[in-house]
Asks: 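What follows is a structure written as structure tokens; I'll ask about it next.
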2 protein chains.
Amino acid sequence: MKIGELARATDTKVETIRYYEGAGLLAPPPRTGGNYRSYGSDELSRLSFIRRARDLGFSLDEVRELLTLADDRDQPCGAVDAVASSHLATIERKIADLAQMRDELARVIGSCRLGKVGDCKIIQTLEPMRGAARG
Amino acid sequence: MKIGELARATDTKVETIRYYEGAGLLAPPPRTGGNYRSYGSDELSRLSFIRRARDLGFSLDEVRELLTLADDRDQPCGAVDAVASSHLATIERKIADLAQMRDELARVIGSCRLGKVGDCKIIQTLEPMRGAARG
DNA sequence: CTTGACCCTATAGTTGCTAGAGGGTGCATA
DNA sequence: TATGCACCCTCTAGCAACTATAGGGTCAAG
Ligand SMILES: [Zn+2]
Ligand SMILES: [Zn+2]
Ligand SMILES: [Zn+2]
Ligand SMILES: [Zn+2]
């Protein structure tokens with residue numbers, strides 16, 4: 001399998017595959033006589049794993065860790081759970097931060113009466129000190 | 001006001017202020033004899049504006065635009081509203097994406113019985129084809 | 001006159017790709 | 001055989017928005 005086929009099979013760009021190789025997520029595959037990368041089904045599985053993990057928002061570091069953990073099939077899976085749970089906590093924190101942004105932004109936008117810039121509540125929220133501490 | 005004071009007054013790192021200058025968000029201020037940047041209250045206001053906008057998640061491009069719009073105090077504020085509303089939509093899209101990640105990840109984590117890695121539902125979710133299309 | 005806090009520039013690193021330059025390979029076809 | 005084309009190769013630079021380092025200069029206090 002050439003890199004383009006692997007790319008199509010996993011919905012990944014060719015450059016991204018080469019990038020994963022450089023980043024140590026995919027081992028350098030054997031090459032053909034013409035120096036083309038040659039992949040088998042193992043690499044297809046591994047890249048699918050990576051892509052699914054990325055879709056769930058795991059960082060490349062976390063993916064690397066999950067891949068390593070996944071190889072010791074007889075180990076307890078507590079470490080896997082730890083990575084996933086800590087990532088879930090990160091996502092929840094991000095959502096909370098964004099929700100706060102959204103609420104404040106919606107409030108500010110809602111208070112705009114579409115008049116002049118000088119009277120716009122959006123602008124006034126951003127520069128609450130104009131005319132105040134001016135020396 | 002030296003850059004360090006401005007940094008403390010706006011809860012910004014010194015390097016970030018210099019970065020904003022390079023990025024065209026802050027004009028290059030006058031310098032002292034010793035080549036130190038020297039700021040006044042205008043720059044304090046402007047940097048406060050930038051920081052507040054960044055806290056609301058606006059990109060630097062959007063901040064630049066908002067700053068420009070804010071200077072024409074007599075113009076109608078429709079353009080301001082447009083920037084803010086489109087940014088709000090972006091945030092809401094981000095939240096929706098993250099919420100989907102969170103739900104799926106929580107589901108997957110919830111189905112783990114803390115056994116061996118080979119039986120872990122988290123791992124199995126990521127590599128659903130092991131043993132299937134092999135050979 | 002030296003210490004120390006602060007300032008300066010310029011450059012590289014971060015994350016996860018993406019895009020381009022400038023070339024080589026391999027197969028079909030005229 | 002020559003040409004075209006799709007595909008592949010490496011290397012480098014670019015994106016956002018900083019952050020961090022190296023290697024210096026400035027200034028007030030002791
Ligand atoms: Zn994570
Ligand atoms: Zn308005
Ligand atoms: Zn935005
Ligand atoms: Zn498990």
Side-chain angles (χ1 to χ4, degrees), chain A residues 1-26 28-39 43 46-47 49-67 83 87 90-91 93-94 97-98 101, chain B residues 1-39 43 46-47 49-67 83 86-87 90-91 93-94 97-98 101:
Chain A
M1 204 186 207
K2 283 190 286 181
I3 198 170
E5 301 172 67
L6 180 62
R8 278 187 295 279
T10 56
D11 196 26
T12 308
K13 299 202 172 167
V14 166
E15 298 80 19
T16 304
I17 297 177
R18 287 196 283 249
Y19 172 77
Y20 286 163
E21 183 181 324
L25 287 156
L26 293 172
R31 300 291 181 113
T32 68
N35 199 30
Y36 286 12
R37 285 173 180 81
S38 175
Y39 297 99
E43 282 95 345
R46 193 174 173 90
L47 181 52
F49 185 110
I50 295 170
R51 292 258 101 194
R52 260 181 275 267
R54 293 288 300 129
D55 284 346
L56 287 173
F58 287 102
S59 71
L60 293 190
D61 270 357
E62 287 165 336
V63 176
R64 243 185 301 268
E65 208 176 334
L66 289 173
L67 282 166
V83 171
H87 177 58
T90 301
I91 290 180
R93 235 176 297 119
K94 251 181 223 167
D97 289 351
L98 285 171
M101 268 186 206
Chain B
M1 205 188 211
K2 283 188 287 181
I3 198 170
E5 301 171 66
L6 180 62
R8 276 187 296 279
T10 57
D11 196 24
T12 307
K13 298 202 174 169
V14 166
E15 297 81 16
T16 303
I17 298 177
R18 288 197 282 247
Y19 171 77
Y20 287 162
E21 183 181 325
L25 288 155
L26 293 172
R31 301 289 182 116
T32 67
N35 199 31
Y36 287 12
R37 287 173 180 81
S38 175
Y39 298 100
E43 282 95 343
R46 193 174 172 91
L47 182 52
F49 185 111
I50 295 170
R51 292 258 99 196
R52 259 181 275 267
R54 294 288 301 127
D55 285 347
L56 287 173
F58 288 102
S59 70
L60 292 192
D61 270 357
E62 288 165 337
V63 175
R64 243 184 300 266
E65 208 177 334
L66 290 173
L67 282 166
V83 171
S86 127
H87 177 59
T90 301
I91 290 181
R93 237 176 296 119
K94 250 180 222 169
D97 289 353
L98 285 171
M101 265 186 206

Asks: Tell me the interatomic distance from B:Leu47, atom CG, to D:dC18, atom P, rounded to whole angstroms.
Replies: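 Roughly 11 Å, once rounded to whole Å.
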Asks: Check the phosphate of C:dC17 against A:Arg51, side-chain N and O only, distance under 4.0 Å to OP1 or OP2. Yes or no?
Replies: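 Yes.
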Asks: Counting distance only, does the side-chain N/O of A:His87 pair as donor-acceptor with the main-chain N or O of A:Leu56 below 3.5 Å?
Replies: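 Yes, A:His87 side chain to A:Leu56 backbone: donor-acceptor pair under 3.5 Å.
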Asks: Return the 5'-most residue of the pair A:Thr16, A:Gly34 with respect to DNA chain C, ranking by each residue's nearest nucleotide.
Replies: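 Its nearest nucleotide being more 5', the pick is A:Thr16.
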Asks: Should A:Tyr39 and A:Arg46 be marked as a side-chain hydrogen bond (donor to acceptor under 3.5 Å, both in side chains) after you check the CA-CA gap, both sets of side-chain angles, and the distance that decides it?
Replies: CA-CA 11 Å; A:Tyr39 297 99; A:Arg46 193 174 173 90; over 6 Å; no
Asks: In whole Å, I'd like the distance from the NZ atom of A:Lys94 to the C1' atom of C:dT15.
Replies: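 Taking atom C1' of C:dT15 as the reference, NZ of A:Lys94 is at 11 Å.
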Asks: Considering every strand and a 4.0 Å limit on heavy-atom distances, what is the contact class for B:Arg8: base, sugar-phosphate, or nothing?
Replies: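 Answer is nothing: B:Arg8 stays at 4.0 Å or more from every strand.
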Asks: Measure from CD1 on B:Ile17 to P on C:dC6 and round the result to the nearest Å.
Replies: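 Rounded to whole Å, this separation is 14 Å.
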Asks: Using a heavy-atom cut-off of under 4.0 Å over every strand shown, decide if A:Arg18 touches base, sugar-phosphate, or nothing.
Replies: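 Result for A:Arg18 = base.
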Asks: Would you kindly give the CZ-to-P distance between A:Arg31 and C:dG26, to the nearest whole Å?
Replies: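 That distance rounds to 13 Å.
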Asks: Quickly work out the B:Tyr19 OH to D:dC18 P distance and round it to whole Å.
Replies: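 Result: 6 Å.
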Asks: Just checking A:Tyr20: base, sugar-phosphate only, or nothing, at a heavy-atom cut-off of under 4.0 Å?
Replies: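 Contact class for A:Tyr20: sugar-phosphate only.
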Asks: Check whether any side-chain heavy atom of B:Glu43 lies under 4.5 Å from a side-chain heavy atom of B:Ile17, and answer yes or no.
Replies: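 No, their side chains stay 4.5 Å or more apart.
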Asks: Could you check whether B:Thr32 gets within reach of a base, just the sugar-phosphate, or nothing at all, counting any heavy atom under 4.0 Å?
Replies: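 Answer is nothing: B:Thr32 stays at 4.0 Å or more from every strand.
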Asks: Rounded off to whole Å, could you give me the NZ-to-C1' distance for the B:Lys13 and D:dA20 pair?
Replies: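 Answer to the nearest Å: 9 Å.
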Asks: Considering only D:dA17, D:dT26, C:dT18, which nucleotide approaches the side chain of B:Ser59 most closely?
Replies: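 That would be D:dA17.
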Asks: Between D:dC9, D:dA17, C:dC7, spot the one nearest the side chain of A:Ile3, thanks.
Replies: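 Among the listed nucleotides, the one closest to the side chain of A:Ile3 is D:dC9.
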Asks: Taking the side chain as every heavy atom from C-beta outward, state whether B:Arg37 and B:Lys2 have any atom pair closer than 4.5 Å.
Replies: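 No, their side chains stay 4.5 Å or more apart.
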Asks: Could you tell me the separation between the NZ atom of A:Lys2 and the C1' atom of D:dA6, rounded to a whole number of Å?
Replies: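 One finds 8 Å between C1' of D:dA6 and NZ of A:Lys2, rounded.
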Asks: In whole Å, I'd like the distance from the CG atom of A:Leu6 to the P atom of D:dC9.
Replies: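 Atom-to-atom, A:Leu6 to D:dC9, this comes out as 11 Å.
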Asks: Does the pair B:Arg64/B:Asp61 count as a salt bridge with the N-to-O cut at 4.0 Å?
Replies: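 Between B:Asp61 and B:Arg64 there is a salt bridge, with a charged N closer than 4.0 Å to a carboxylate O.
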Asks: Any N or O donor-acceptor pair under 3.5 Å from the base of D:dG25 to the side chain of B:Tyr36?
Replies: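 Indeed there is one.
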Asks: When you measure from the side-chain N and O atoms of A:Arg37 to the phosphate of D:dC7, is any distance below 4.0 Å, counting only OP1 and OP2?
Replies: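 No, A:Arg37 has no side-chain N/O under 4.0 Å of OP1/OP2 on D:dC7.
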Asks: Quick check on DNA chain D: between B:Gly33 and A:Val14, whose nearest nucleotide comes earlier from the 5' end?
Replies: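 Mapping each residue to its closest nucleotide by heavy atoms, the 5'-most match is A:Val14.
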